[in-house]
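These notes are about the structure you will find just below.
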Amino acid sequence: MANRIVIDPVTRIEGHLRIEAALDSENTITEAYSAGTMVRGIENILKKRDPREAWAFAQRICGVCTTVHAIASIRAVEDALGIKIPKAANIMRNMIIAQQFIHDHVMHFYILHALDFVDVVSALEADPGKTSEIQQSISTWPNSSPAYFAEVQQKVKAIVDSGQLSLFSHGYWGHPAYKLPPELNLLGVAHYLECLDWQSRVTKIHTIFGGKNPHPNFVVGGVPLPIDMNSDQALNAEKLAVIADSIKRMNDFIDQVYLPDLLAIAPYYLEYASLGEGLGNFLSWGEFPEGNLNDLDRLIFPRGVILNRDLKQVITPDPRDAVKMKEFVTHSWYKYRQGDEAGLFPWEGETVFNYTGPKPPYEFLKVEGKYSWLKSPRWNELPMEVGPLARVLILYTTGHEETVKLTNSVLEALKAPLPAVFSTLGRTAARAIETKVIGGLLEKFYDELVAEIKASRTETFNSEKWNPGSWPKKAMGFGYTEAPRGALGHWVVIENKKIKNYQVVVPTTWNASPRDHKNQPGAYEASLVGTRLARPEQPLEILRTIHSFDPCLACAVHLIDARGQVVGEVGTGFNLVFKSD
Ligand code: NFE
Ligand code: MG
């Protein structure tokens, strides 16, 4: 019988993910299984609370995609209660969302994904003079001298010589699937270290508009910051200047570091332009509403569904369509009153635990039954990929000029045909492309905000429905956002001024979902099939494709087992490899 390998925990992600893969005699993956191994219970915690405070709990689902659950939550409550927000507040929210995207995508590329392609130990063999030449040939980034790269190399050498690799422990250094020359490895490590500093300087929009980062403050009806050029307590000229500087730092790093690095590294890994595709089905709820409405039809990133790789047609999905939008638990550790084959629309959704999983420490997942804490969201009973690739393909297909141009120029630079987008590399490139697009949008939003201020339209909060006495007896709402990892929806039911039901359907729940009632695999599971491993005991190739989705299991399960149940060996083990008999 074929070998089965287990990676648990998958590292350089957020949260607790287990991947099991069955290999044929050539070490090619024939089946893969994705399991979320941690559970909390945020959806249940929200019940019976005041809907106006739900955002503060929901935002704690995750500290990586900070803001996104707060945004989806306030939008859901505003949708239920019919609250319109002032235009300046909408622009400020768009800026909060845009900053989150840029911060999160750059950090993912360097801190979570780059070391799948950049061999840290090989950087010690680099000629710093040659790295300097490469840097100066790809961009005008000022940190480019031979002395600078020699200094970075010394830092890495000190870490390696200490015998304690610290943050670089447990990497598969020296693995034959690493292809970059030492000089590019040194470049990648330098930018890994640089972005740690950069990230602390690009959170100003959150800290000013919401008081802190991560987890800024929000408010149903607007944003919790007034605009007043004559007040220290409000958005004023001085704070606008700090924000303008922060936006410039973001865009400089995108233009001079992130995009050039992607184009310098990708040519060495072009086999990933035809590996790791996954489903070929994509979904986005859309983002960046223009104007002053919570208006799903006026989004800069449109809502859309693409099926079967068909880039001629974008279907517009309706998140309120109870027939098409459902979550299944056939292979998830939950039970539904209606039976575990049923699919539930989120307004009728249920969160009741039913753990039947493996006992510690050395059992395989029982994949014919339940095997994950993630539910399986499905659109029209089909599994969907969400995230940067979904958004970029929808923008591309609907003719968004800058996205078309950027996508074509990346394909041209890599001499890759259009279908190459359906791949691990396509996903990673799409993340960079949309970061560039959003960097431009951030400048546009800033100019719009300044124009509103100049026109004295400075209202940032609508108090009209703040009094619960004005609410209907029962109300239901949908709150969308595009989180960095993909389509995020919060569905709320309000009854007698309290939350009656609350369901969160999260990007990583879509992408990392287990099989469903029809035994259809989720996006991670599908993406791994067909990939061959050079060394099954060091499954670097699996990490590359899984990391290309940027997993966040805290979001996906939004639920900790009170007993702290161990379902795999955590700690020194980067992966556990079992052979089945
Ligand atoms: Ni915790 Fe999240 C994002 C959300 S992912 S990272 O982006 O929602 O599933
Ligand atoms: Mg949920």
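Note that ligands are numbered from 1 as they come in the structure, with each ligand's atoms numbered from 1 the same way.
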Exercise. Kindly assign one of parallel, tilted or perpendicular to the pair Tyr334 and Trp373, based on the angle between their ring planes and the thresholds 30° and 60°.
Key: perpendicular
Exercise. Run the numbers for me: atoms of ligand 1, each under 4.0 Å from some heavy atom of His69, listed by number.
Key: 4 (C), 8 (O)
Practice problem: Looking only at protein heavy atoms, identify the closest one to atom 6 (S) of ligand 1 and say how far it is in Å. | Solution: Cys65 SG, 2.9 Å
Self-check item: Residue that, paired with Phe301, satisfies ring-ring contact (aromatic ring centres under 6.0 Å, His included) out of Tyr480, Tyr396, Phe288
Solution: Phe288
Quiz prompt | Thr531 and Glu541 side chains, donor-acceptor separation under 3.5 Å | solution = no
Exercise. List every atom of ligand 1 that sits less than 4.0 Å from any heavy atom of Arg485, numbering the atoms from 1 in the order shown and giving each element.
Key: 3 (C), 5 (S), 6 (S), 7 (O)
Practice problem: Could you check which N/O/S atom of Glu43 is closest to the Mg ion (ligand 2)? | Solution: OE2
Exercise. Using the six-membered ring wherever Trp is involved, compare the ring planes of Trp491 and Phe345 and label them parallel, tilted or perpendicular (cut-offs 30° and 60°).
Key: perpendicular
Quiz item: Should you measure from each heavy atom of Cys552, which atoms of ligand 1 turn up under 4.0 Å away?
Solution: 1 (Ni), 5 (S), 6 (S), 9 (O)
Self-check item: Among Trp198, Tyr258, Phe109, the one residue meeting ring-ring contact (aromatic ring centres under 6.0 Å, His included) with Phe253
Solution: Trp198
Practice problem: Please check if atom NZ in Lys370 has more than 12 non-hydrogen atoms from other residues, nucleotides or ligands closer than 6.0 Å. | Solution: yes
Quiz item: Side chains of Thr481 and Glu287: is there a donor and an acceptor less than 3.5 Å apart?
Solution: yes
Quiz item: Going by the atom numbers of ligand 1, which of them fall below 4.0 Å from some non-hydrogen atom of Cys62?
Solution: 1 (Ni), 6 (S)
Practice problem: Using a strict 4.0 Å cut-off to heavy atoms of Ala483, name the atoms of ligand 1 that fall inside it. | Solution: 3 (C), 4 (C), 7 (O), 8 (O)
Quiz item: Going by the order shown, which atoms of ligand 1 are within less than 4.0 Å of some heavy atom of Val506?
Solution: 4 (C), 5 (S), 8 (O), 9 (O)
Quiz item: the Mg ion (ligand 2) to Val504: any N/O/S contact under 2.8 Å?
Solution: yes
Exercise. Kindly determine whether Glu434 and Thr403 satisfy side chain to side chain donor-acceptor pair (under 3.5 Å), including the steps that lead there.
Key: CA-CA 8 Å; Glu434 79 167 0; Thr403 305; over 6 Å; no
Quiz item: N/O/S of Glu327 less than 2.8 Å from the Mg ion (ligand 2)?
Solution: no
Exercise. State the atoms of ligand 1, each with its element, that fall below the 4.0 Å cut-off from a heavy-atom position in Cys555.
Key: 1 (Ni), 2 (Fe), 4 (C), 5 (S), 6 (S), 8 (O), 9 (O)
Quiz item: Considering only heavy atoms, does Thr508 approach ligand 1 within less than 4.0 Å through its side chain, its backbone, both, or neither?
Solution: both
